[in-house]
Number of protein chains: 2
Amino acid sequence: MAARISTQKKILNAAEMLFSRDGFEQTSLRQITQEAGVNLASVNYHFGSKKALIQAVMARYLVVFMPVLEEQLQLAEQQSELKTEELFKRFKIPLAKLTEVNKQGPDIFLRLLGFAYSEIQGHLRKYTQQEFGSVLQHLLALLKRANPHLDEQQMFWRLHFILGAAVFAQVSGQALIEIAQSEFNEKVEAQDVIDQLIPFVSGGLEEA
Amino acid sequence: MAARISTQKKILNAAEMLFSRDGFEQTSLRQITQEAGVNLASVNYHFGSKKALIQAVMARYLVVFMPVLEEQLQLAEQQSELKTEELFKRFKIPLAKLTEVNKQGPDIFLRLLGFAYSEIQGHLRKYTQQEFGSVLQHLLALLKRANPHLDEQQMFWRLHFILGAAVFAQVSGQALIEIAQSEFNEKVEAQDVIDQLIPFVSGGLEEA
DNA sequence: GTCTATAGTATGATAGAC
DNA sequence: GTCTATCATACTATAGAC
């Protein structure tokens, strides 16, 4: 017996797969409904619009990720010493938690996040800020404490550079991983990319 | 007397303005021809296709930028000590040279480059590699010499992170600059962003 | 809830008169 | 070289039968 999955879930699953592979704008409702094996019109029936569907796909991950990140930030705060790399390493815990949503959850989420920022998804930014703004504010506060030598402006730009590096790594991720594999004859996992990224962004942020 | 500009140039100028503001895919041939004050069909008459037009827009900058970059790399090579930040600073010279193409040339070029990589423009990558691959190989060789403590894999990933940070800064550039201005009550120029970027990527690349 | 059919809009490209 | 007119195609979204 095939599992009985609601049309809503079928749409979410198909959309997630295609969005994370090709991006939001590059994926049409036709592709999604075909992949999901449901009717074209059902997207608008269940979600109202493509934008709302995008938000729903992201939300499944954000509602898991953000609370765990906040938890980790609070743990970090209790430590006597607050080191940049330590803070970034804490991202690995909420990321790992996403395997509960989907076996490939961490990869998928990071790629979705990449597309969310590289394509200009104003509505997503607004939604994230509204729902999880406090967590992001908390992160910023801790990074400032760990890097008192940076002024506001340096911090502002470097955080955006970090975001850019992370986003780019994920969006170009699969292509890059394949290049890396053929070049180094080693299997490369998405997790390895994170491990490469953390010292890079830490070094960049701390630089005097 | 209005300057007599050829239709080709009118198209190139309008396309450049719109591409650098909105990206390649977000800009339609109809917008371009309207902005240029020429007929819709003339793009295909003069350039053959939208892809070819994109390439022509980029080429105007690349043919100026790349030779000057190569010149700078050769100068760097003659120095006894080869420092990472020194290498990245050398990018400022070929960038500044782009004011000869257009007063806003450096900004425009960096934004175009950003879109070229964030949207997946396979044909552009191929073109750049074909025409200017040797310069990029040279840069890679020097960065390796300046950072002998990094293995191939670390170097590979960090270069892509750097690309991501740079691209993101440019593509989100105008929006970010506006945020920065309102937040810091200071005028921010594109040049300032470069100055912020250089120590960040240098610190990130060198990190042990 | 799910379907077909289609409205309404936008795109890149081209044929053919001038 | 430049124009008008139009083709062929893709998209999101919705109306209305079942």
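Only a predicted model underlies this, so the values are computations on that prediction, with no experimental measurement involved. Here is how names work: the chains are called A, B, and so on, in the same order as the sequence lines, proteins then strands, and each is numbered from 1.
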| request: Look up atom OG in A:S20 and atom CZ in A:F115, then write down how far apart they are to the nearest 0.5 Å. | output: 8.0 Å
| request: Provide, to the nearest angstrom, the distance between the CZ atom belonging to B:F24 and the C1' atom belonging to C:dG12. | output: 17 Å
| task | Specify the separation, in whole Å, of atom NZ of B:K51 and atom P of C:dT11. | result | 19 Å
| Residue met sooner reading DNA chain D from 5', once B:S6 and A:K50 are mapped to nucleotides | B:S6
| query | Which one, D:dT2, C:dA13, D:dA13, comes nearest to the side chain of B:Y45? | reply | D:dT2
| request: Show your reasoning for whether side-chain contact (heavy atoms from CB on, under 4.5 Å) applies to A:K9 and A:S6. | output: CA-CA 5 Å; A:K9 282 245 162 72; A:S6 70; 3.5 Å; yes
| task | Output yes when at least one side-chain N/O atom of B:T7 is less than 4.0 Å from OP1 or OP2 of D:dT2, else no. | result | yes
| task | Using the six-membered ring wherever Trp is involved, compare the ring planes of A:F184 and B:F156 and label them parallel, tilted or perpendicular (cut-offs 30° and 60°). | result | perpendicular
| task | Give the rounded distance in Å between these two atoms: CD of A:E25 and C1' of D:dC11. | result | 12 Å
| query | Starting at CG of B:D22 and ending at P of C:dT11, how long is that distance when rounded to a whole Å? | reply | 12 Å
| said: Is there a salt bridge (Lys or Arg N to Asp or Glu O under 4.0 Å) between B:R158 and B:E207? Walk through the geometry before answering. | reply: CA-CA 10 Å; B:R158 290 183 185 191; B:E207 180 77 1; over 6 Å; no
| task | Round to the nearest Å and state the distance from A:L53 atom CG to D:dC11 atom P. | result | 15 Å
| Is the shortest side-chain N/O distance from B:N39 to OP1 or OP2 of D:dT4 below 4.0 Å? | yes
| request: Could you please name the option among C:dT2, C:dT11, C:dT14 that lies closest to any side-chain atom of B:N44? | output: C:dT14
| query | With sugar-phosphate meaning primed atoms plus P, OP1 and OP2, does B:T27 contact a base, only sugar-phosphate, or nothing at under 4.0 Å between heavy atoms? | reply | sugar-phosphate
| Taking the side chain of B:A41 as its heavy atoms from C-beta onward, which of D:dA13, C:dA13, D:dC3 lies nearest to it? | D:dC3
| Roughly how many Å is it from CD in A:Q26 to C1' in C:dT11, rounded to a whole number? | 13 Å
| task | Indicate the ring-plane relationship of A:F200 and B:F200, choosing parallel, tilted or perpendicular according to the 30° and 60° boundaries. | result | perpendicular
| Checking all strands, does A:S42 fall into the base, sugar-phosphate, or nothing category for heavy-atom contacts under 4.0 angstrom? | nothing
| note | Among D:dG1, D:dA5, D:dC11, the one nearest any side-chain atom of B:L40 is D:dA5
| task | Provide, to the nearest angstrom, the distance between the CZ atom belonging to B:F47 and the C1' atom belonging to C:dG12. | result | 16 Å
| task | Find the distance B:L29:CG to D:dC7:P and express it as a whole number of Å. | result | 19 Å
